[in-house]
A.B. asks: 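First the structure, then my questions, so here it is.
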Amino acid sequence: MVEETIFSKIIRKEIPADILYQDDLVTAFADIAPQAPTHVLIIPNVLIPTVNDVTAEHEQALGRLFTVARKLASEAGIDESGYRLIMNCNRDSGQEVYHIHMHLLGGRCLGPLLAK
Ligand code: 5GP
């Protein structure tokens with residue numbers, strides 16, 4: 001049995017979040033602790049705990065993460081200056097919420113890919 005996270009409640013609008021986009025497959029909302037001027041989380045509506053749990057049946061929803069990231073980056077005006085898409089998996093990556101999510105970060109120079 002896979003345990004729901006707070007992100008399922010955000011999808012169902014049971015707790016408040018700044019939702020920027022939602023359709024039948026994905027939901028995008030502002031990160032509660034932004035690390036850059038633009039910091040959006042884009043998540044599949046179906047609960048997939050980590051990238052290790054991804055199967056072929058998730059391909060449509062996971063592809064949608066990218067088309068929504070592109071749209072939101074354009075709307076935020078960071079498509080030309082650039083942005084970073086991050087998806088963490090498990091302990092060593094620092095994953096905190098076990099409902100996979102794509103971070104869309106931009107609006108400033110983001111520096112090197114990895115902190116030491
Ligand atoms: P992770 O470290 O798992 O890749 O990222 C989890 C992200 O979720 C963090 O950037 C954190 O700030 C964000 N987050 C955690 N709880 C909430 C919440 O209740 N609402 C929102 N909007 N973001 C959250």
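Counting starts at 1 for both ligands and their atoms, in listed order. Only a predicted model underlies this, so the values are computations on that prediction, with no experimental measurement involved.
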A.B. asks: May I have the N/O to N/O pairs between ligand 1 and the protein that fall below 3.5 Å, each with atom names and distance to one decimal?
C.D. replies:
{"residue": "ligand 1", "atom": "2 (O)", "partner": "Gly94", "partner atom": "O", "Å": "3.1"}
{"residue": "ligand 1", "atom": "2 (O)", "partner": "Glu96", "partner atom": "N", "Å": "3.4"}
{"residue": "ligand 1", "atom": "3 (O)", "partner": "Glu96", "partner atom": "N", "Å": "2.6"}
{"residue": "ligand 1", "atom": "3 (O)", "partner": "Val97", "partner atom": "N", "Å": "3.0"}
{"residue": "ligand 1", "atom": "3 (O)", "partner": "His101", "partner atom": "NE2", "Å": "3.0"}
{"residue": "ligand 1", "atom": "4 (O)", "partner": "Asn88", "partner atom": "ND2", "Å": "2.9"}
{"residue": "ligand 1", "atom": "4 (O)", "partner": "His101", "partner atom": "NE2", "Å": "2.8"}
{"residue": "ligand 1", "atom": "4 (O)", "partner": "His103", "partner atom": "NE2", "Å": "2.8"}
{"residue": "ligand 1", "atom": "5 (O)", "partner": "His101", "partner atom": "NE2", "Å": "3.0"}
{"residue": "ligand 1", "atom": "5 (O)", "partner": "His103", "partner atom": "NE2", "Å": "3.3"}
{"residue": "ligand 1", "atom": "10 (O)", "partner": "Asp31", "partner atom": "OD1", "Å": "3.3"}
{"residue": "ligand 1", "atom": "10 (O)", "partner": "Asp31", "partner atom": "OD2", "Å": "2.5"}
{"residue": "ligand 1", "atom": "12 (O)", "partner": "Asp31", "partner atom": "OD1", "Å": "2.5"}
{"residue": "ligand 1", "atom": "22 (N)", "partner": "Ala30", "partner atom": "O", "Å": "2.9"}
{"residue": "ligand 1", "atom": "22 (N)", "partner": "Ile32", "partner atom": "N", "Å": "3.4"}
{"residue": "ligand 1", "atom": "23 (N)", "partner": "Ile32", "partner atom": "N", "Å": "3.3"}

A.B. asks: Looking only at heavy atoms, what is the nearest atom pair of Ile78 and Gly107, with distance?
C.D. replies: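 In terms of heavy atoms, the two residues are closest at CG2-N, 3.7 Å.
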A.B. asks: Taking all non-hydrogen atoms of both residues into account, name the closest pair between Asp53 and His58 and its distance.
C.D. replies: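 Shortest heavy-atom contact: O-CE1, 3.6 Å.
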A.B. asks: Give a yes or no on this: more than 12 heavy atoms of other residues, nucleotides or ligands lie within 6.0 Å of atom CZ of Arg108.
C.D. replies: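 Correct, the count exceeds 12.
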A.B. asks: Show me the donor-acceptor pairs within less than 3.5 Å that the side chains of residues 23-37 make with the rest of the protein, sequence neighbours left out.
C.D. replies:
{"residue": "Asp23", "atom": "OD1", "partner": "Leu25", "partner atom": "N", "Å": "2.8"}
{"residue": "Asp23", "atom": "OD1", "partner": "Val26", "partner atom": "N", "Å": "2.8"}
{"residue": "Asp23", "atom": "OD2", "partner": "Tyr21", "partner atom": "OH", "Å": "2.7"}
{"residue": "Asp23", "atom": "OD2", "partner": "Arg64", "partner atom": "NH1", "Å": "2.6"}
{"residue": "Thr27", "atom": "OG1", "partner": "Gln22", "partner atom": "NE2", "Å": "2.8"}
{"residue": "Thr27", "atom": "OG1", "partner": "Asn45", "partner atom": "OD1", "Å": "2.7"}
{"residue": "Asp31", "atom": "OD1", "partner": "Ala33", "partner atom": "N", "Å": "2.8"}
{"residue": "Asp31", "atom": "OD2", "partner": "His39", "partner atom": "NE2", "Å": "3.3"}
{"residue": "Gln35", "atom": "NE2", "partner": "Ala33", "partner atom": "O", "Å": "2.9"}

A.B. asks: Between His99 and His101 (judged by ring centroids, cut-off 6.0 Å), do the two rings come close enough to count as a pair?
C.D. replies: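 No, ring centres 6.0 Å or more apart.
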A.B. asks: Can you confirm whether more than 12 heavy atoms, excluding those of Glu75, are under 6.0 Å from its CD atom?
C.D. replies: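 More than 12 within 6.0 Å, yes.
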